[in-house]
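Positions are given from 1, in the same order as the sequence printed here. Quick caveat: nothing in here was measured; it's all calculated off a predicted structure.
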Amino acid sequence: MKDFRKSVVYQVYPKSFYDTNGDGLGDLNGVTEKLDYIKELGADYIWMTPFFVSPQKDNGYDVEDYYNIDPRYGTMEDFDRLAAEAEKRGIGLMLDMVFNHTSSRNEWFQKALAGDEKYKNYYIFRKGKENGEPPTNWESKFGGSAWEYVPAFDEYYLHLFDVSQPDLNWDNPEVREQVEAVVRFWMKKGVKGFRFDVVNLISKGSFEDDYEGDGRRFYTDGPNIHKYLQELNEKTFGAEKGIVTVGEMSSTSMENCFRYASEDGKELSMVFSFHHLKVDFAGNEKWVLVPADFQKLKKILFGWQSGMAEHHAWNAVFWCNHDQPRVVSRFGDEEKYWKQSAKMLGTAIHCLRGTPYVYQGEELGMTNTDFTDISQYRDVESINYYRILQEKGLRPADAFRIIQIHSRDNGRTPMQWDAGANAGFTTAEEPWIGVNANHTAVNAAAELADEDSIFHHYQKLIRLRKELDVIAYGDFAPVDEKNGQILAYKRSLEGHTLLVVNNFYGRPVKWTCPEELEGFSCILSNYPDSRVEREMELRPFESVVLYR
Ligand code: TEU
Ligand code: CA
């Protein structure tokens with residue numbers, strides 16, 4: 001059985017990973033075909049984003065049928081083969097469970113809309129206000145009101161995401177039983193883990209107007225959240241040893257995460273939190289252009305490292321996923337120091353205390369999109385906000401610039417396998433979303449052939465976690481916390497020490513290491529000739545891992 005603290009998870013967004021039947025969409029067989037690539041990298045688990053039957057309004061996060069594979073992605077036989085082939089290679093599959101909401105095409109919601117009271121109670125229907133307004137002023141995360149009016153009932157239903165994603169009513173015990181049945185179904189199929197989508201939003205609190213924000217404080221980490229997670233755990237994955245779970249925690253608090261991800265194992269193995277990825281937002285406002293605040297990034301990352309450890313809870317550590325811009329474009333320098341900065345960012349995250357997640361293409365240093373027109377975007381959120389920003393008075397060019405920087409499609413362009421047509425992703429003329437023109441230089445084939453590539457750097461980082469217990473289990477302590485250019489920290493375990501020093505900027509910096517460096521050797525760097533010295537001169541984005 002694997003220890004998730006010594007493991008690394010590779011995230012696959014199947015639609016953009018590899019297309020085997022030439023329809024322009026990645027598929028399950030594509031993941032099977034590329035298992036050896038993932039094995040070569042060294043990952044222990046693959047988190048697959050949803051491939052269940054879905055109208056794809058939100059790329060599968062709108063589930064119509066939890067028990068079947070969307071034909072666009074393949075068949076149940078394809079899935080069984082993928083699971084078996086992964087297992088042969090010692091890789092476990094983690095499935096993405098979307099239980100805060102369903103698709104409006106889901107049978108339950110269709111029955112609800114037909115007036116069946118039993119199914120209406122699976123969702124959250126409410127009367128509007130006397131003045132004809134929706135029940136509360138909450139905003140959907142994808143823009144606009146979080147309530148949709150249904151004339152036949154003279155009622156509204158809640159959708160924290162798209163109108164086609166009605167929220168489930170977890171206060172109804174029958175809903176919880178339905179959800180548990182889905183988890184057990186996939187466990188029986190040999191699945192080794194689960195990622196639970198926005199799972200800290202499932203327990204709604206009181207339905208009040210929010211005069212300070214968009215409503216999130218009334219439904220985030222809600223009143224029964226721990227009870228519901230404990231119940232889910234007991235009735236499903238908790239009953240079987242060795243199933244790894246991660247909860248996606250939207251706008252959560254650390255105090256709640258102590259419990260979600262406690263080592264007592266009553267809720268989940270670990271959590272994704274996002275505060276460190278809002279350092280280029282204005283508060284919670286994503287649709288603005290704000291330079292990344294490095295001090296804030298460090299403070300948040302380090303605060304979570306220390307806080308979670310103190311409370312015996314476990315982090316998932318990551319920069320990228322299918323909702324985030326590419327990290328080398330975001331916190332690195334994709335032009336001048338592409339390779340150095342991509343490697344530095346990999347090192348900074350992988351040596352932390354927590355389970356690292358690598359998002360497809362991150363290990364190649366894939367960058368944000370090169371899109372120049374709104375028609376190239378596919379994501380419902382990006383398309384909505386391009387309109388909303390203009391409604392707020394922004395000029396089209398300014399609205400577009402914001403979309404370019406923050407769009408989730410930055411992470412969703414096809415995986416760059418080689419320098420050929422469509423990056424080797426598909427034989428179709430047009431993939432479902434545009435391939436980045438830089439695939440001629442940034443691609444897997446080139447990087448597999450180059451010992452000094454970003455791919456091989458990630459491979460080394462993954463190997464190091466397995467070789468050195470101090471990375472998986474060591475204590476964490478910040479080093480020279482206030483430094484304005486360097487992110488440094490120390491890990492220690494039973495006489496073993498790891499010192500990780502990263503220059504986060506494209507300019508050199510002189511640095512005196514506050515630690516005595518006797519006995520240390522440099523075990524990883526992104527320059528060929530890094531040395532162990534107390535008086536260091538770190539080059540642009542230089543990153544060193546010292547070990548004693
Ligand atoms: O994302 C949850 C979520 O709230 C964000 O990551 C969201 O995309 C962002 O805050 C918007 O600015 C999860 C999934 O990862 C995402 O792909 C889904 O769209 C969303 O839930 C709904 O299921
Ligand atoms: Ca396909």
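Inter-residue side-chain proximity for Arg105 and Val63 is flagged as unmet; no heavy-atom pair is nearer than 4.5 Å. Side-chain contact check for Thr369 versus Arg326: every heavy-atom pair is 4.5 Å or farther apart. Using a 4.5 Å cut-off on side-chain heavy atoms (C-beta onward), Asp280 and Lys286 make no contact. Counting heavy atoms from C-beta outward, Val246 and Met94 have side chains that approach closer than 4.5 Å. Within the 4.5 Å cutoff, the side chain of Ser251 has heavy atoms near those of the Lys278 side chain. Taking 4.5 Å as the limit, some side-chain heavy atom of Phe281 sits within range of a side-chain heavy atom of His406. Between Ile91 and Asp44 there is no side-chain heavy-atom pair separated by less than 4.5 Å.
A cation-pi arrangement is present between Lys2 and Tyr45, with the terminal nitrogen or guanidinium carbon under 6.0 Å from the aromatic centre and inside a 45° cone about the axis. Remark: Arg539 is positioned above the aromatic ring of Tyr527, its terminal NZ or CZ atom under 6.0 angstrom from the ring centre and at most 45 degrees off the axis.
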For Leu95 and Met97, what are the C-alpha separation, side-chain angles and deciding distance, and is it a side chain to side chain contact (heavy atoms under 4.5 Å, CB included)?
CA-CA 6 Å; Leu95 298 201; Met97 298 282 112; 3.9 Å; yes

Give the C-alpha distance, both sets of side-chain angles, the deciding distance and a yes or no for ring pair (Phe, Tyr, Trp, His ring centres under 6.0 Å) between Phe196 and Tyr260.
CA-CA 12 Å; Phe196 293 100; Tyr260 294 142; over 10 Å; no

Check the pair Trp304, His276 against ring pair (Phe, Tyr, Trp, His ring centres under 6.0 Å), reporting the backbone distance first and the verdict last.
CA-CA 9 Å; Trp304 278 75; His276 67 298; 8.6 Å; no

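At a threshold of 4.0 Å, the pair Asp27-Arg72 does not count as salt-bridged, since none of the basic side-chain nitrogens sits closer than that to a carboxylate oxygen. Using a 4.0 Å cut-off between charged side-chain N and carboxylate O, Arg89 and Glu85 make a salt bridge. Comment: Asp469 engages Lys6 in a salt bridge, judged by a side-chain N to carboxylate O separation of less than 4.0 angstrom. The existence of a salt bridge linking Arg408 and Asp379 is confirmed by a sub-4.0 Å separation between a basic side-chain nitrogen and an acidic carboxylate oxygen. Salt-bridge check for Asp475 with Arg353: failed, with every basic side-chain N at 4.0 Å or more from each acidic carboxylate O. Using a cut-off of 4.0 Å between Lys/Arg side-chain N and Asp/Glu carboxylate O, Asp409 and Arg378 are scored as not salt-bridged. No salt bridge links Asp529 with Arg531; every basic N to acidic carboxylate O contact stays at or beyond 4.0 Å.
Ring-centre distance between Phe79 and Phe51: below the 6.0 Å cut-off. Aromatic rings from Tyr359 and Phe318 are positioned such that their centres are separated by 6.0 Å or more. Two rings, from Tyr377 and Phe371, have their centers less than 6.0 Å apart.
Counting heavy-atom neighbours within 6.0 Å of Lys336 NZ, excluding the residue itself, gives a total of 12 or less. The local environment of CD in Glu335 is sparse, with at most 12 non-hydrogen atoms from other residues, nucleotides or ligands closer than 6.0 Å. At most 12 non-hydrogen atoms from other residues, nucleotides or ligands lie less than 6.0 angstrom from NZ of Lys266. The 12-atom threshold is exceeded at CD of Glu467, counting heavy atoms of other residues, nucleotides or ligands nearer than 6.0 Å.
Using the six-membered ring where Trp is involved, Phe52 and Tyr66 have ring planes that are tilted, between 30° and 60° apart. Using a 30° and 60° split on the angle between ring planes, Phe161 and His101 fall in the tilted class, from 30° to 60°. Ring planes of Phe504 and Phe294: tilted class, angle from 30 to 60°. Aromatic ring orientation, Trp417 versus Tyr18: perpendicular (interplanar angle above 60°, classes split at 30° and 60°). The aromatic rings of Phe476 and Tyr489 are tilted relative to each other, their planes meeting at an angle between 30° and 60°.
Scored by the side-chain contact (heavy atoms from CB on, under 4.5 Å) test, Thr49 finds Gln11, Tyr13, Pro14, Trp47, Tyr61, Asp96, His322 as partners (sequence neighbours excluded).
Using modelled atom types and a 3.5 Å distance limit, the side chains of Thr355 and Trp314 yield a donor-acceptor pair.
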